[in-house]
Amino acid sequence: MRSRWCTIVVGVLLLLAGCAGAPAADLESPPDDPDGVDPNDPDDTAWTGTVVRVVDGDTMEVEFPNGEVDTVRLLGVDTPETSADSTSPGEFEGIPDTDAGRAHLRAWGLEASAFAESELAGEEVTVVTGGDRRGSYGRLLAVLYVDGEDFNERLLTEGYARLYDTEFAKRDAYAAAEADARERGAGLWAFDESDYPTEASEVDDGDLPPLPDDGDYDCSDFDTRAEANAVLDRSPDDPHNLDADGDGEACESIPEFGVDAAALPVSP
């Protein structure tokens, strides 16, 4: 009788162990030859895949060995949003919650997206999950390795992202990378209010877009309201009809600051 009960107990324990699935892959030591096939298989924790689309600086679509394409959200990092409504300066310590601060982050969101596109599009990568497998939006939470280098951490090191502060195996290393980038003023951490002129008098002639071939500006020609106001100040009779309502403010439909990342200093 005792032997029978032992057999039952051992069987239950083995069943529970099987339900628990395989242990998560080591985020800090990705396998040289990941054998995962299906991102929905709980026994698979690391895969070799191909980046088929870069959504933004911290989100990519990856094609896995089974032919399926899944969305991967980079674990532990957060690049700035590029939408004016979504930008959150309060999440990036030291960046002021002002129009200039939001413009700065939107521009660096574009920089992060362009950087990810240049580094990842069409590339073979190793995808390693750790901790929670998927986030609240159903995206695969993972560290992305390119030629053995942790791309998530590289975003932090070069100032394209902040630490998304949750508990995961590489949290301390990522925190140190962000702290170092902030100390160096790398990337988005190099905020300078003077990069964002708000007054027309602060806009030099060289900052203005060239006059269109038809000789007539319209609001779509300007990146910022300050540029439009600079043209209005130089021609108060408003030959381009930039101040349609006659209140002395040109092109009120466009943002006070643009989001042209090319105008900003970039990481070396």
Side-chain angles (χ1 to χ4, degrees), residues 21-80 108-109 111-135 139-184 186-189 266-268:
D26 185 352
L27 291 179
E28 300 191 50
S29 302
D32 293 330
D33 186 20
D35 58 4
V37 173
D38 182 357
N40 293 311
D41 185 339
D43 291 331
D44 288 352
T45 57
W47 309 262
T48 296
T50 301
V51 177
V52 295
R53 177 176 174 242
V54 173
V55 178
D56 56 30
D58 55 34
T59 308
M60 296 82 204
E61 292 180 356
V62 176
E63 183 175 352
F64 288 92
N66 67 349
E68 292 188 10
V69 174
D70 207 333
T71 301
V72 174
R73 174 62 169 82
L74 301 186
L75 180 66
V77 299
D78 183 35
T79 59
W108 276 102
E111 282 283 1
S113 297
F115 177 70
E117 177 76 25
S118 68
E119 296 295 311
L120 298 178
E123 294 294 322
E124 184 177 277
V125 297
T126 300
V127 181
V128 184
T129 57
D132 293 333
R133 189 183 188 84
R134 291 188 183 271
R139 300 173 296 186
L140 202 62
L141 302 177
V143 175
L144 215 62
Y145 286 89
V146 186
D147 295 328
E149 183 179 16
D150 181 340
F151 184 77
N152 303 35
E153 188 169 359
R154 189 176 173 194
L155 288 174
L156 294 165
T157 299
E158 300 192 22
Y160 290 106
R162 72 176 178 98
L163 171 71
Y164 194 93
D165 201 358
T166 56
E167 289 298 322
F168 61 104
K170 301 196 72 173
R171 190 261 173 209
D172 290 345
Y174 283 15
E178 185 207 87
D180 178 67
R182 289 178 56 192
E183 185 176 348
R184 290 184 287 109
L188 68 88
W189 305 112
V266 297
S267 296

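One-based numbering along the sequence shown. The basis for the numbers below is simple: all heavy atoms, side chains too, and nothing from hydrogens, waters or symmetry mates.
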Which atom pair, heavy atoms only, marks the closest approach of [X] to [Y]?
X	Y	value
Val128	Ala46	CG2-CB, 4.2 Å
Pro39	Arg134	O-NH2, 3.7 Å
Ala177	Thr157	CB-OG1, 3.9 Å
Gly36	Pro65	O-CG, 3.5 Å
Leu188	Pro80	CD2-CG, 3.9 Å
Glu111	Tyr160	O-CE2, 3.9 Å

Sequence-distant partners of Tyr174, ring-ring contact (aromatic ring centres under 6.0 Å, His included), two or more places apart
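Counting only residues at least two positions away or on another chain, Tyr174 forms a ring-ring contact (aromatic ring centres under 6.0 Å, His included) with Phe168.
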Partners meeting ring-ring contact (aromatic ring centres under 6.0 Å, His included) with Tyr164 (sequence neighbours left out)
none
Set of salt bridge (charged side-chain N to carboxylate O under 4.0 Å, His left out) partners for [X], sequence neighbours left out:
X	value
Glu117	none
Asp180	Arg184
Arg154	Glu119, Glu158

Would you say that Asn152 contacts Lys170 through its side chain, given a criterion of any heavy-atom pair below 4.5 Å between the two side chains?
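No, every pair of side-chain atoms sits at 4.5 Å or beyond.
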With a 4.5 Å cut-off on side-chain heavy atoms, are Glu178 and Trp189 touching?
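Sidechains of Glu178 and Trp189: in contact.
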Just to verify, what does [X] make a side-chain hydrogen bond (donor to acceptor under 3.5 Å, both in side chains) with, not counting sequence neighbours?
X	answer
Thr71	none
Glu149	none
Asp38	Asn66

How far does [atom1] of [X] sit from [atom2] of [Y], to the nearest 0.5 angstrom?
X	Y	atom1	atom2	answer
Asp165	Asp78	CG	CG	11.5 Å
Glu63	Glu124	CD	CD	11.5 Å
Arg162	Thr79	CZ	OG1	10.0 Å
Thr126	Asp150	OG1	CG	11.0 Å
Thr45	Asp35	OG1	CG	8.0 Å

Taking [X] as the fixed residue, which of [options] is the one that meets the side chain to side chain contact (heavy atoms under 4.5 Å, CB included) rule?
X	options	result
Val125	Leu144, Asp147, Thr48	Leu144
Phe151	Val146, Val77, Val51	Val146
Met60	Leu74, Val52, Leu140	Leu74

Residue pairs passing the ring pair (Phe, Tyr, Trp, His ring centres under 6.0 Å) test where at least one lies in residues 44-69, sequence neighbours excluded
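Of all non-adjacent pairs touching residues 44-69, those that pass ring pair (Phe, Tyr, Trp, His ring centres under 6.0 Å) are Trp47-Phe64.
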With sequence neighbours left out, write down each residue that passes side-chain contact (heavy atoms from CB on, under 4.5 Å) with Ala142, or none if nothing qualifies.
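If we apply the side-chain contact (heavy atoms from CB on, under 4.5 Å) test to Ala142, skipping adjacent residues, the hits are Val72, Val127, Thr129.
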side-chain contact (heavy atoms from CB on, under 4.5 Å) involving Ala175 - partner list, sequence neighbours excluded:
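Leu163, Arg171.
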Selection residues 47-58 - residue pairs positive for salt bridge (charged side-chain N to carboxylate O under 4.0 Å, His left out), sequence neighbours left out:
Arg53-Glu61, Asp58-Arg73
